[in-house]
Amino acid sequence: MAEAAGFQGSERPRGRWLRRAAALIAGVPLLAGMVQIPAAPEAHAAGSRTVDVSVDALTPSAPKKDDTLTVSGTLTNGSNAPITDAHVGLRRGPALNSRSAIDTAAKRTGFSPGADGQEIENRTQKIDKLDPGVSRTFTLHVPVKDLDLGDDGVYQLGVSLSGRSQGASYEQVLGIERTFLPWQTSDVGKKTQLTYLWPLISSTHLTAETDADAEQTPVFRNDNLASEIAPGGRLQQLVALGKDLPVTFVIDPDVLASVDAMTRTYKVEGPNGPTAGKNQAVAKQWLKQVEDAVKTHEVIALPFADPDLASLAHRGKEVPSALGHLGPATSLAAKTVETVLGVKARTDFAWPAEGAVDSSIVDVATSGGAHNIIARSDSLQENSLAYSPTAARPIGGGNTAIVADAGLSTAFEGDLSKAENSTLAIQQFLAQSLMINGQEPGQQRNIVVAPQRTPSVSQAQAMAAGVKNLVPGRWAEPLNLAGAAKAAPDPGANREVPAAAEYPAALRKQELPTEGFEEIQDTQTALDDFAPVLAQPGRVVTPFGNAIMREMSTEWRGDEAGAAAFRSSVRTYLDGLTKNVQLIQKSPATLSGRSATIPVTVQNNLVQGVKGLTLELTSSQPNRLDTGEPQEITVDGGHSQSFKFDTTANANGPVQVTAQLYTSDGKPYGRPMTFQVNVTEITSTIMLVIAGGVLLLVLAGVRIYLQRKRAASGRDGDGTNGDGTDGDGGSEGGNGGDGTDGDKPVQPGDREPDTGSESTDASGSGEKVDR
């Protein structure tokens, strides 16, 4: 709202009247019957508030000679006393001669007769009374010819309320609002080529989570995107307004991917878990509108999820592989736009936050494939030029900086939901664009406008009104961004990119911290380890890869807590998936033989199968228990499977055994599982059995020895076998199947020798292990 009128640069009425009265008293005798001049009340100081004057509409924004200017608005009495005998009128101030003069006039408060001009006579509206706190609308109709405009240019236009306040016997200006009137009576010879970027960018809506069904139903953080694309929503309005304007669409492909996901079955996170989304029809309708709009417009695709180039350049470079995400994000951008919209988008343009650039940002942008950097003139500032140069300028290495005009680019920021703010923004935008053309009327230049990334509905509507009023082309004509990049550079324009140390401190504070990029790297490493063990890695790599790109989005500037929460949610969900492949804890086992089989169970709670993992058992005492060779495992989704290890025991006692899964490159997968094996193969009972068997063998050997000795003694005494025959005449070395025992016949009372020994071989592998 306009500040109440003061009396800047002039004396207050009471001081002037006192001096004049003193002069009259000293030089002239008082005349009887002379009308006494009433004492004027003390004027309000500059910047005080009496009546707020709001200019809510001004048409046409850039009038021609035969037009009638219509100005409407609102008057609000902010004082404690009623305003009487008032009227609202229009004042045409002087022509302004520079862009800085426009800025100065826009900031000025208070009323100054010299700077604000005379009121247009007979074109006022009477306001009988305006009580305290009361608002009243007004409308003025003034033929342009009555404004007495001179040469082409920008004129200050004021709407003032004049009247009397409590105790005042004379009229004074109690409130004023200023705006600007661009005045161009005919088309200029060299029109300014104007490139307006029209951003379709939003915040992060999709999570990394998908359902376990075949379609991988996506899960959204909230349903805010549906509100943005619904009729009247922010993104819907941007498409509807931009379709009929000569603008260049600048799109974050993540928006397209997210809306495309909404066209099918999707879910939305809620306090009680994900619930089914219901805005498929809205999503399809919006995508159709975008598809129709881009058929006749140039499309620039930012890297997927609009990564923060400055954060990558200043903080991400400290983390290995952080910059490696930019190339894939650029490739994914082109693929997404072509898949969803059916058009090929330019991906060789980079747009750092607020157009602030330095040498490190340029290096990062070009590493991702962008050779055209959209900067802003308050970053790449001019040194000595008295005019606004053409936007494009070479900065070395085959790269081009497209320097957007800072004044025009920020013209529609702030709260434009109020009609007054919107109207003033539109008029100032038009005035600045005309002033640019008038700086060098004989030289055609290209001016680029890069507005805020996510304009609100009211901001978008004001932007559209500003661009639409340039369409008739009296001093400007449209040019797309590709044309702006190819424009011949102004030889006097600054081409020196600022050093990293010159990057604005306020913007640097908004960047993602180095710790954030370290967390991103850790998540990527975990994903890289997880993917190779999956039978269908694409089901995990795609949603998590996109989520990791979203973690680096420009959206998170100034929202460190939100960025950290999103990173945490992605990592937590990934860790939860990896834990779905795990070892089942074993109870202590008893090994009751020298060799036995120990089973270890792997559980896979994922929907898909796992492969390429190796399961290994490690004994804490290999000399006591050998756990066998590692095994390659494959487990179907939703199943558990046991893998058997052949073990060998060498000594008694408890042994700690650790089971661990490993990836193909030798990295541990998941948590180890430790259990105890009680080796009881060589027990005292077994030792007694073995000793008894040995004793029997010894006794049998002794008996045979004694028998043979007795037989030998007999032969030495008489040379016979005890039956009168010659000892050499018998058959040697066997019984001959006749029931004899070698050299001596078997006696009926003799026992057969017990020569059956216990086997000392290892027990079979089929032995069981007590669990």
Side-chain angles (χ1 to χ4, degrees), residues 529-535 578-606 608-694 697 756-771:
D529 291 341
F530 186 42
V533 311
L534 301 174
T578 60
K579 291 175 182 177
N580 279 331
V581 180
Q582 61 181 340
L583 299 170
I584 300 299
Q585 181 63 48
K586 286 179 63 65
S587 58
T590 300
L591 195 67
S592 58
R594 286 194 62 195
S595 63
T597 300
I598 297 180
V600 177
T601 302
V602 179
Q603 184 181 56
N604 177 15
N605 288 328
L606 296 172
Q608 61 175 300
V610 294
K611 58 180 181 58
L613 284 172
T614 299
L615 178 58
E616 181 176 334
L617 287 189
T618 304
S619 171
S620 63
Q621 294 178 287
N623 59 335
R624 177 175 292 180
L625 178 66
D626 182 2
T627 53
E629 296 297 320
Q631 297 189 40
E632 299 243 349
I633 71 163
T634 299
V635 184
D636 293 335
H639 287 74
S640 297
Q641 186 170 338
S642 293
F643 297 87
K644 297 179 179 180
F645 288 81
D646 293 331
T647 63
T648 302
N650 300 311
N652 290 339
V655 178
Q656 203 79 359
V657 176
T658 300
Q660 176 68 65
L661 291 170
Y662 291 92
T663 60
S664 58
D665 57 356
K667 292 182 179 180
Y669 180 92
R671 299 178 61 181
M673 186 268 290
T674 302
F675 60 98
Q676 182 173 292
V677 175
N678 211 9
V679 179
T680 60
E681 176 213 1
I682 309 176
T683 63
S684 57
T685 302
I686 294 176
M687 291 293 291
L688 289 173
V689 171
I690 293 174
V694 172
L697 287 173
S757 63
E758 288 268 343
S759 173
T760 59
D761 294 336
S763 59
S765 61
E767 290 194 50
K768 305 238 179 228
V769 174
D770 298 329
R771 296 189 56 192

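For reference, positions follow the sequence shown, starting with 1.
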Open item on the list: Donor-acceptor check, side chain of Tyr669 to backbone of Ser664, threshold 3.5 angstrom: yes or no?
Closed with: no
Task: Approximate separation, where rounding is to 0.5 Å, of Asn650 CG and Gln621 CD - done: 11.5 Å
Open item on the list: What verdict does the side-chain contact (heavy atoms from CB on, under 4.5 Å) test give for Glu632 and Thr614, after you've listed the backbone C-alpha separation in whole Å, the side-chain angles of each residue and the deciding distance to 0.1 Å?
Closed with: CA-CA 4 Å; Glu632 299 243 349; Thr614 299; 4.0 Å; yes
Task: Backbone of Ala589 reached by a side-chain donor or acceptor of Gln676 within 3.5 Å - done: no
Open item on the list: Between Lys579 and Arg671 (side chain of the first, backbone of the second, donor and acceptor by atom type, cut-off under 3.5 Å), is there such a pair?
Closed with: no
TODO: Would you tell me whether Thr627 and Thr647 have side-chain atoms, one donor and one acceptor, within less than 3.5 Å of each other?
DONE: no
Task: Separation between OG1 of Thr634 and CD of Gln641, rounded to the nearest 0.5 Å - done: 8.0 Å
Open item on the list: Before you tell me yes or no, could you show the steps for Ser595 and Thr648 under side-chain hydrogen bond (donor to acceptor under 3.5 Å, both in side chains), namely the whole-Å CA-CA distance, both residues' side-chain angles and the distance that decides it to 0.1 Å?
Closed with: CA-CA 4 Å; Ser595 63; Thr648 302; 5.9 Å; no
Task: Whether Thr663 side chain and Asp529 backbone form a donor-acceptor pair below 3.5 Å - done: no
TODO: Walk me through it: do Phe643 and Val635 pass the test side-chain contact (heavy atoms from CB on, under 4.5 Å)?
DONE: CA-CA 11 Å; Phe643 297 87; Val635 184; 4.1 Å; yes
- [ ] Could you tell me whether a side-chain N or O of Arg624 sits under 3.5 Å from a main-chain N or O of Pro654, the two making a donor and an acceptor?
- [x] yes
TODO: Could you grab the distance from atom CD of Gln603 to atom CD1 of Ile584, nearest 0.5 Å is fine?
DONE: 3.5 Å
Open item on the list: Please evaluate residues Leu661 and Ile633 with respect to the criterion side-chain contact (heavy atoms from CB on, under 4.5 Å), reporting the C-alpha separation (whole Å), side-chain torsions for both, the decisive distance (0.1 Å), and the verdict.
Closed with: CA-CA 9 Å; Leu661 291 170; Ile633 71 163; 3.7 Å; yes
Open item on the list: Once rounded to the nearest 0.5 Å, what's the spacing between atom NZ of Lys644 and atom OG1 of Thr601?
Closed with: 10.5 Å
Open item on the list: So, taking the atom named CG in Leu591 and the one named OG1 in Thr680, what distance separates them when rounded to the nearest 0.5 Å?
Closed with: 6.5 Å
- [ ] Evaluate side-chain contact (heavy atoms from CB on, under 4.5 Å) for Thr618 paired with Gln660, printing each intermediate quantity in order.
- [x] CA-CA 8 Å; Thr618 304; Gln660 176 68 65; over 6 Å; no
TODO: Without swapping roles, check the side chain of Gln608 against the backbone of Asp636 for a donor-acceptor pair under 3.5 Å.
DONE: no
Open item on the list: Show the nearest heavy-atom pair for residues Lys611 and Ala535, with the distance to one decimal.
Closed with: CE-CA, 4.0 Å
TODO: Return the minimal non-hydrogen interatomic distance between Ala651 and Val679, and the atom names on each side.
DONE: O-CG1, 2.8 Å
Task: Pairwise distance CG(Asn652) to CG(Leu625) - rounded to 0.5 angstrom - done: 11.5 Å
TODO: Report yes if some heavy atom in the side chain of Leu534 is under 4.5 Å from a heavy atom in the side chain of Val610; otherwise report no.
DONE: yes
Task: Within-4.5 Å side-chain heavy-atom neighbours: Val600 and Gln631 - done: no
